Structures are given as structure tokens and as C-alpha cells.
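Just below is one structure, and these are the notes that go with it.
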Protein chains: 2
Amino acid sequence: MSLSHALLAALSQQCATGYELAQHFDGCLGHFWKASHQQIYRDLAKLEAQGQVQHEVMPQVGKPERKLYQITPLGLGELQRWIASPADPSPIRDALLVKLYAGNCVEPAVLLAELAQQRAQHANRLEMYQAIESQYFADPASLAYAQRLIWLTLQAGLMYEQQRLAWCDLALKEINRC
Amino acid sequence: MSLSHALLAALSQQCATGYELAQHFDGCLGHFWKASHQQIYRDLAKLEAQGQVQHEVMPQVGKPERKLYQITPLGLGELQRWIASPADPSPIRDALLVKLYAGNCVEPAVLLAELAQQRAQHANRLEMYQAIESQYFADPASLAYAQRLIWLTLQAGLMYEQQRLAWCDLALKEINRC
DNA sequence: TAACCCATGTAACCTGTTACATGATTAA
DNA sequence: TTAATCATGTAACAGGTTACATGGGTTA
């Protein structure tokens with residue numbers, strides 16, 4: 001997949017400008033897909049050339065014009081086709097594990113520092129996810145279908161960070177023992 | 001990070017040809033970093049131009065010549081520098097979560113099928129990791145330092161797949177309930 | 001005789017990142 | 001007056017994927 005599918009996914013829920021999409025990719029959607037505004041503007045232009053999105057210019061007073069994008073039926077079809085087409089789980093690309101793989105080239109203290117640093121970041125993210133959960137998903141049983149799906153993505157984040165945190169603790173303990 | 005650091009990491013453990021490196025990236029190292037042979041040959045040439053690796057041509061009878069690469073002191077220095085430089089945890093790029101995010105655009109059965117398919121792949125990988133563990137790491141307490149580090153990368157894989165499997169089960173259950 | 005293994009590469013393309021650029025309004 | 005927010009982009013580059021190419025040796 002590429003960013004185009006993520007853009008279609010975002011626009012399937014809500015019309016937006018490139019600027020707003022960039023914000024989404026910095027917030028909610030950004031927890032599982034990152035994109036810079038440059039990439040977003042470029043891909044929106046491409047999607048529009050393919051007829052999958054279209055925009056309407058919204059003038060504003062005292063502010064720059066906004067280009068409000070919406071998904072077209074063609075774009076929705078492509079989104080549905082993509083969702084239904086089976087894909088492999090995203091390949092893992094984990095620099096930290098590569099560092100451990102060659103970890104005998106450095107002092108153990110170097111690995112410990114890097115592990116501690118990453119552990120802290122995972123702990124931060126976990127706290128953030130927990131805050132989101134208690135603020136927006138306090139009562140999961142009462143959620144509508146679409147909200148329940150979002151809740152599931154949040155659970156994926158929570159479970160991932162918990163597991164990562166536990167692994168960092170294991171690695172710190174093991175390397176300290178040596 | 002890019003592939004170059006992973007190549008240095010591999011060569012820090014063992015001299016190898018491009019072909020052998022491609023095999024490593026299809027096996028052990030490949031569990032946390034993927035690379036195609038095209039990319040490997042290209043990056044080896046770049047690393048050699050930078051003086052971080054060097055090769056020796058090994059003629060063979062009845063087979064093509066091999067270029068055996070080894071890491072240079074300069075390359076080892078760069079590897080050590082890279083390992084010691086703090087990095088953010090790899091950003092999550094998860095197409096499946098993007099699919100759920102826009103999951104209200106398709107029938108629930110479509111999501112269930114995709115989740116079941118991914119669940120099966122995670123179960124496969126988990127089994128594979130467990131097989132590696134019982135074959136090569138039956139007695140973790142007796143491992144030398146470098147082996148212990150490899151064992152930690154294996155634990156990361158095991159924990160990741162277990163957690164992913166549990167999440168797929170949660171998602172299947174939740175979507176079935178609707 | 002067909003397919004696979006060994007072993008190397010080139011070229012085109014797609015995707016993602018970084019740097020640069022504009023220009024008005026608003027809050028500290 | 002400095003920085004941040006709103007809102008759009010271009011250009012160059014780095015990294016990753018796919019397709020194409022060669023050619024002998026081995027196994028089914």
C-alpha cells in the first residue's frame with residue numbers, strides 16, 4: 001500500500017483539505033501511518049488526476065484559499081477494492097534489533113543506554129494511548145460500529161506498546177546480567 | 001537507518017558475498033530487515049566507494065566468481081557510531097489498521113476475512129520462531145554474550161507475534177459481535 | 001527438458017524525506 | 001517583534017521495488 005490508500009481512507013470518513021489531512025496524519029491516523037504535508041499534496045494531485053478525488057476551492061477572508069477534497073465514487077471503489085485485497089502483515093523493519101544483532105561490536109553500556117531510551121518512548125506512547133482510551137472510549141460496549149473499529153486500532157496500539165515495554169525490560173535485565 | 005547499516009551489521013559478524021548477504025536477509029536478519037539482492041549489490045558498491053567495506057575476488061571452477069566483502073576499520077567505526085546514536089522506535093506503518101479505520105466502507109465479512117488471513121500468517125510466524133527457539137536456544141542460560149543478543153531478537157519476534165495474534169482474536173470477536 | 005541454484009548486475013520507477021519558498025494573521 | 005498558525009506548493013535527493021538480463025551447473 002502507499003499513502004494514496006491512506007488518503008482515500010481518511011477522505012472516506014470526512015472531506016478535508018491537504019492541510020487538515022496533514023493534521024490527521026499527525027494525530028489519530030498518524031499512530032499507524034505517517035506522512036509529511038509535501039507527500040500529501042503531491043499524492044492528492046495524483047489522485048485527482050486519476051479521478052479518485054476532486055476538490056472545490058473555498059475562498060476565505062484574511063486567510064489563504066482552502067482546497068476542500070472529497071472522495072469520488074471511483075475513489076471509493078478503489079478503496080473498497082484495496083481493503084478487500086489480502087495483504088501480508090507489514091514487514092518488520094526494526095533498527096533496534098539490527099543494533100542488537102551487531103551488539104557485540106560495542107560496549108554493553110551502549111546497548112543499555114539505547115534500550116533505556118527506547119523504553120522511555122514506549123512508556124510515553126502507552127500513557128498517551130491510555131489517556132485517549134479513558135477520555136474517548138470509557139465505555140466500549142456503547143460504541144457504534146465505526147467507533148468500535150477505531151477502538152480496535154487503539155487496542156492494537158496499546159497491546160503493541162505494552163509488549164514492547166515488556167521486551168525492553170527483558171533485554172535490559174539480560175544485558176545487565178552479562 | 002538504511003540498508004547500509006544493516007549490511008555493516010551483517011559484515012561485522014562474518015565476511016560474505018552479496019549473494020550470501022541476500023540469503024541472510026531472507027533468513028535470520030530478514031526477520032527484522034528485508035532487502036532484495038538488487039538493493040544489496042547497489043549499496044555494497046556505495047559502501048565500497050566510501051571505504052567502509054572492501055572486496056576480494058574469489059575465482060571458482062565451473063561457477064561464477066564471488067566477490068567476498070569484509071568490513072573495514074572505517075566501516076566498523078561507522079557501525080559503532082550508528083549503534084550508539086539514539087533513534088526513535090521504528091514508526092508503525094500498518095496497512096491493516098488503515099483498513100479498519102475505513103472499515104465502515106465495506107461489509108464486515110470483508111474485514112473478518114482479512115483479519116483471519118492475517119491471523120493465520122502471524123500464527124505461522126509464531127510457530128516458526130518457536131521452532132527456532134527449541135532448536136537453537138533450548139538452554140538460554142548457557143548462551144555466550146553474542147548469542148544471548150540474538151536470542152533477545154528472537155524473543156522480540158516471539159512476543160510481537162503472540163501479541164498480534166491476541167489482537168487479531170480480539171478484533172475477530174468484536175467484529176463478529178456487531 | 002524444465003526448473004532451480006549459483007552469482008552477478010542494470011534500468012526504470014515509485015515512495016518517502018529534506019530543504020526551500022511564499023505570505024497573511026494572531027498570540028506571547 | 002518574534003514565533004506560531006493557516007495554507008499552499010516546488011525541487012532535489014535517498015531509499016526501496018519491479019522488471020529485465022546473463023550464463024553455467026545441478027537436480028527431478
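Residue numbers start from 1 in every chain, and the chains themselves are labelled A, B, ... in the order their sequence lines are given, proteins ahead of strands. Source: prediction; values computed, not measured.
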Without decimals, in angstroms, what is the distance between [X] [atom1] and [N] [atom2]?
X	N	atom1	atom2	value
Ile40(A)	dT8(D)	CD1	C1'	12 Å
Tyr41(B)	dT22(D)	OH	C1'	13 Å
Leu7(B)	dG16(D)	CG	P	10 Å
Glu56(A)	dT8(D)	CD	P	14 Å
Lys63(A)	dA7(D)	NZ	P	5 Å
Glu65(A)	dA24(C)	CD	C1'	13 Å
Gln23(A)	dT8(D)	CD	P	10 Å
Met58(B)	dT8(C)	CE	P	12 Å

Next item on the list: Please state whether the base of dG16(C) and the side chain of Arg42(A) form at least one donor-acceptor pair under 3.5 Å?
Entry: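 Present.
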
[X], nearest nucleotide to its side chain (from [options]):
X	options	answer
Lys46(A)	dT5(D), dT17(C), dT15(C)	dT15(C)
Gln38(B)	dT15(C), dT10(D), dC20(D)	dC20(D)
Trp33(A)	dT18(C), dG16(C), dT8(C)	dG16(C)
Gln60(A)	dT8(D), dG9(C), dA7(D)	dA7(D)
Gln39(B)	dG15(D), dG9(C), dG16(C)	dG15(D)

side-chain N/O [X] vs [N] OP1/OP2, d < 4.0 Å:
X	N	result
Thr17(B)	dT8(C)	yes
Tyr19(B)	dC6(C)	yes
Ser2(A)	dT15(C)	yes

Note to self: Do Gln130(B) and Glu127(B) pair up side chain to side chain, a donor and an acceptor below 3.5 Å, judged on atom types alone?
What the structure shows: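 On atom types as modelled, these side chains do not qualify, holding no pair under 3.5 Å.
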
Check: Is it true that a side-chain atom of Arg125(A) and a backbone atom of Glu161(A) form a donor plus acceptor pair closer than 3.5 Å?
Finding: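 The answer is no, because no donor-acceptor pair under 3.5 Å joins these two groups.
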
Next item on the list: Determine yes or no for a side-chain-to-main-chain donor-acceptor pair under 3.5 angstrom, with Gln60(B) supplying the side chain and Pro64(B) the backbone.
Entry: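 Side chain of Gln60(B) to backbone of Pro64(B), a donor-acceptor pair under 3.5 Å: yes, one is there.
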
Notebook entry, point to check: Start at the 5' end of DNA chain C and walk down; is the nucleotide closest to Pro64(A) or to Ala35(A) reached first?
Noted result: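 Its nearest nucleotide lies further toward 5', so the answer is Ala35(A).
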
Next item on the list: Tell me which of Tyr69(B) and His37(A) sits closer to the 5' end of DNA chain C, going by the nucleotide each one is nearest to.
Entry: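 Nearest-nucleotide comparison on DNA chain C picks Tyr69(B).
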
Notebook entry, point to check: At what distance, to the nearest 0.5 angstrom, does CD of Gln52(B) lie from CG of Leu76(B)?
Noted result: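 With rounding to 0.5 Å, CD (Gln52(B)) is 10.5 Å from CG (Leu76(B)).
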
Notebook entry, point to check: Quick one: does Phe32(A)'s side chain get under 4.5 Å of Leu96(B)'s, heavy atoms only?
Noted result: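 SC-SC contact between Phe32(A) and Leu96(B) ruled out.
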
Next item on the list: Please work out if Lys34(B) contacts a base, only the sugar-phosphate, or nothing of the nucleic acid, heavy-atom cut-off 4.0 Å.
Entry: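 No contact.
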
